[in-house]
Amino acid sequence: MSRPLLDTFGRQVLDLRISITDRCNFRCRYCMPEEGITWLPRSEVLSFEELGRVARVMVEHFGITSVRLTGGEPTMRAGLPDLVAMLARLPVELSMTTNGSTLSRLAGPLASAGLDRVTISLDSLRAERFAAIAGRDMLPAVLAGIEAARSAGLAPLKLNTVLVRDVNDDEVVDLARYGREVGAEVRFIEFMPLDASGEWSASQVVPASEVLERVGAVYPLEPFGARGTEPAERYRYLDGGGTLGVVASVTRPFCGSCDRVRLTADGELRSCLFSVRERDLRTLLRSGATDEELARAVEEEVAAKWAGHAIGRVTFVRPTRSMSQIGG
Ligand code: SAM
Ligand code: SF4
C-alpha cells in the first residue's frame with residue numbers, strides 16, 4: 001500500500017528527478033566552470049540497478065507519477081537505452097532533460113526503449129553566441145537533435161532557455177518564434193545562483209514579467225491552464241501558435257507548490273534545488289537496507305525540507321553543489 005510523501009508544506013511529492021551522471025560534454029557558463037569539474041569516480045555513481053531500485057521504492061511506497069532523467073548530461077551515460085527500458089516498466093511518465101547534442105543518434109533508440117518525452121536546453125540561435133555560452137560549437141548538432149526528437153515522437157517537446165542579461169536576452173522573441181515554428185513550448189528560466197563560478201548577481205536576472213511583455217508585444221499571449229505543481233507559468237498565443245512557459249524561480253518563487261525530490265548521481269537525496277543538506281541513500285543501498293528502510297530515509301529528508309530558499313535576501317545560503325551536479 002502506498003502512502004503520501006509529504007514535505008514541510010504538506011505538499012505531496014510526486015516527481016523524482018534523477019541525475020544519472022555528473023559528466024557533461026558542454027561547459028555552460030552559468031552552470032559549470034570553464035575548466036570543468038573533477039568527475040565523480042565510477043564507484044561513487046549509482047549503478048542502473050541502484051537507480052532502478054530507488055525509483056521502484058518511490059513508486060511502490062509513495063505512488064510517485066513522474067521520473068525525469070537529468071545530469072550533468074544524461075546522454076553521456078553509457079547504455080542509457082537500457083536504463084530507460086528498465087525504468088519504463090514502472091507506471092510513471094518518463095522524461096529527460098538534455099542539451100540535445102547527441103539526440104540525432106539517440107532519440108530513436110530512447111523512444112523505442114520507452115522514453116515518453118524530452119526537454120532540450122537551447123540558449124541561443126546564433127552559432128557564435130551559442131558556442132560562447134555552452135563552451136562548445138554545437139548549435140547545429142542541437143538543432144538536429146531537436147528535429148530528431150520530433151521525428152521520434154518524444155512529445156510534447158519543451159525547450160529550456162536560461163536568459164542572462166546582456167548575454168542572450170536580446171534573443172527572447174527569436175527563441176519564442178523558433179519554438180512556435182518547431183511546435184515546442186519554450187520555457188524561459190530565470191538565471192539562478194547555482195552557477196559554478198559563483199558570479200551570479202540579481203542584475204543578470206531577466207524577470208519573467210519582462211519576457212512576457214517582450215514576447216507578448218509581438219505574439220499576444222494569455223494565461224493557459226492551472227498553475228498546479230508546475231514550476232512554469234504557462235501562456236498560449238492568441239493566434240493559436242502554441243504555448244510558452246516562464247519559470248520565475250527568482251522573482252516569484254514557487255516553493256509551496258513544488259512537488260519534486262532530487263537524487264544526485266552519487267546517491268544523495270535533495271528535497272530542494274537549493275538544499276544545503278542531503279541524505280545519503282548510496283550507503284543505505286550498499287549496506288543491505290530494506291525497501292522500507294530506504295522509504296523511511298526518503299520520508300525523513302522530505303519532511304525536513306526547508307520553507308523557501310530566500311534568494312536575494314540576506315538569509316540565502318548558496319548550496320555548495322552547482323547546477324550540473326544537482327541536475328536542474
Ligand atoms: N545537461 C542537461 C541540459 O543542459 O539540459 C541537463 C542538466 S542541466 C543542469 C538542467 C537545466 O538546468 C538546463 O535547462 C539548464 O539550462 C538549467 N540551468 C543550469 N544552470 C542554471 C542556472 N544557474 N540557473 C537556471 N537554470 C540553470
Ligand atoms: Fe552541461 Fe546542461 Fe550544465 Fe550545460 S546546463 S553545462 S549542458 S549540465
Side-chain angles (χ1 to χ4, degrees), residues 17-37 39-40 68-77 80 95-103 106 110 117-124 130-139 141-142 145-146 149 154 157-165 167-169 175 184-202 204-208 211 231-232 245-251 253-254 260 262-265 270 273-274 309 311-312 316 318-319 321-328:
R17 313 224 138 192
I18 307 178
S19 169
I20 60 172
T21 178
D22 62 332
R23 296 175 189 233
C24 187
N25 55 339
F26 283 15
R27 300 282 178 275
C28 300
R29 55 200 251 189
Y30 52 72
C31 178
M32 219 189 252
E34 241 173 85
E35 64 282 9
I37 50 173
W39 308 128
L40 288 166
R68 176 172 290 269
L69 304 181
T70 177
E73 173 48 38
T75 62
M76 292 295 106
R77 182 94 189 231
L80 181 58
S95 58
M96 177 173 80
T97 304
T98 169
N99 64 29
S101 60
T102 60
L103 284 183
L106 281 173
L110 291 175
R117 56 188 190 82
V118 284
T119 298
I120 301 173
S121 301
L122 178 69
D123 295 322
S124 176
F130 183 97
I133 295 173
R136 295 289 180 272
D137 187 7
M138 290 189 86
L139 178 63
V142 173
I146 291 171
L154 293 168
L157 185 60
K158 290 182 186 149
L159 302 176
N160 271 357
T161 298
V162 178
L163 286 180
V164 181
R165 181 74 73 206
V167 173
N168 62 348
D169 56 325
L175 285 156
E185 177 171 300
V186 182
R187 299 191 149 193
F188 291 99
I189 304 173
E190 289 179 350
F191 178 33
M192 292 183 269
L194 287 168
D195 54 316
S197 55
E199 282 166 10
W200 180 92
S201 77
Q204 293 169 293
V205 177
V206 180
V211 170
V246 287
V247 181
S249 358
V250 179
T251 60
F254 38 81
R260 298 181 174 170
R262 294 176 165 82
L263 185 66
T264 65
R270 297 176 62 86
L273 211 45
F274 296 94
H309 53 61
I311 294 176
F316 177 67
R318 198 187 165 86
R321 286 186 193 254
S322 71
M323 195 65 138
S324 70
Q325 297 164 306
I326 302 172

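Everything numeric here is computed off the predicted structure, so don't read it as measured data. Start at 1 and go down the list; that is how both ligands and their atoms are numbered.
Taking a cut-off of under 4.0 Å to the non-hydrogen atoms of Asn160, the atoms of ligand 1 that pass are 14 (O). Atoms of ligand 1 lying under 4.0 Å from any heavy atom of Glu73, numbered from 1 in the order shown and given with element: 1 (N), 2 (C). Residue contact check: Val162 has heavy atoms under 4.0 Å from atoms 16 (O), 25 (C), 26 (N), 27 (C) of ligand 1. Taking a cut-off of under 4.0 Å to the non-hydrogen atoms of Asn99, the atoms of ligand 1 that pass are 2 (C), 3 (C), 5 (O). Listed by number with element, the atoms of ligand 1 under 4.0 angstrom from any heavy atom of Glu190 are 25 (C). For ligand 1, the atoms closer than 4.0 angstrom to any heavy atom of Thr98 are 2 (C), 3 (C), 5 (O).
By the 3.5 Å distance cut-off applied to N or O atoms, Thr119 is not counted among the residues near ligand 1. In terms of polar-atom proximity, Asp123 is not counted as a contact of ligand 1, lacking any N or O under 3.5 Å from an N or O of the ligand. Between Met192 and ligand 1, at least one pair of N/O atoms sits closer than 3.5 Å. Where the criterion is an N or O separation shorter than 3.5 Å, residue side chain and backbone included, Thr70 fails it with respect to ligand 1. At least one N/O-N/O distance between Gly72 and ligand 1 falls below 3.5 Å.
A heavy-atom distance below 4.5 Å is not found between the side chains of Arg27 and Pro33. No side-chain heavy atom of Asp169 sits under 4.5 Å from any side-chain heavy atom of Phe191. Side-chain contact between Leu122 and Asn160 is absent, with no heavy atoms from C-beta onward closer than 4.5 Å. Here the side chains of Val167 and Ile133 are in contact, with some heavy-atom distance below 4.5 Å.
Distance check on atom 2 (Fe) of ligand 2: every protein heavy atom falls at or beyond the 4.0 Å cut-off.
Side-chain atoms of Glu185 do not come within 3.5 Å of backbone N or O of Leu159 as any donor-acceptor pair.
Excluding waters, the count of protein N/O/S atoms less than 2.8 Å from atom 3 (Fe) of ligand 2 comes to 1.
When all heavy atoms are compared, the tightest approach of Glu190 to Thr251 is OE2-OG1, 2.6 Å. Between Ile189 and Ser249, the closest heavy-atom pair is CG2-OG, 4.4 Å.
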Could you check Glu73 against Thr21 for side-chain hydrogen bond (donor to acceptor under 3.5 Å, both in side chains), going step by step and ending with a plain yes or no? CA-CA 7 Å; Glu73 173 48 38; Thr21 178; over 6 Å; no
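Taking Arg17 as the reference, Asp15 meet the salt bridge (Lys or Arg N to Asp or Glu O under 4.0 Å) condition, with sequence neighbours excluded. For Arg68, the salt bridge (Lys or Arg N to Asp or Glu O under 4.0 Å) test picks out no residue, with sequence neighbours left out. Remark: Arg117 pairs with Glu93 by the salt bridge (Lys or Arg N to Asp or Glu O under 4.0 Å) rule, at least two apart or across chains.
Of all the listed residues (Phe191, Trp200, Tyr30), Tyr30 holds the heavy atom that lies closest to atom 20 (N) of ligand 1.
In the model, Ser101 has a side-chain atom that pairs as donor or acceptor with a side-chain atom of Asn25 under 3.5 Å.
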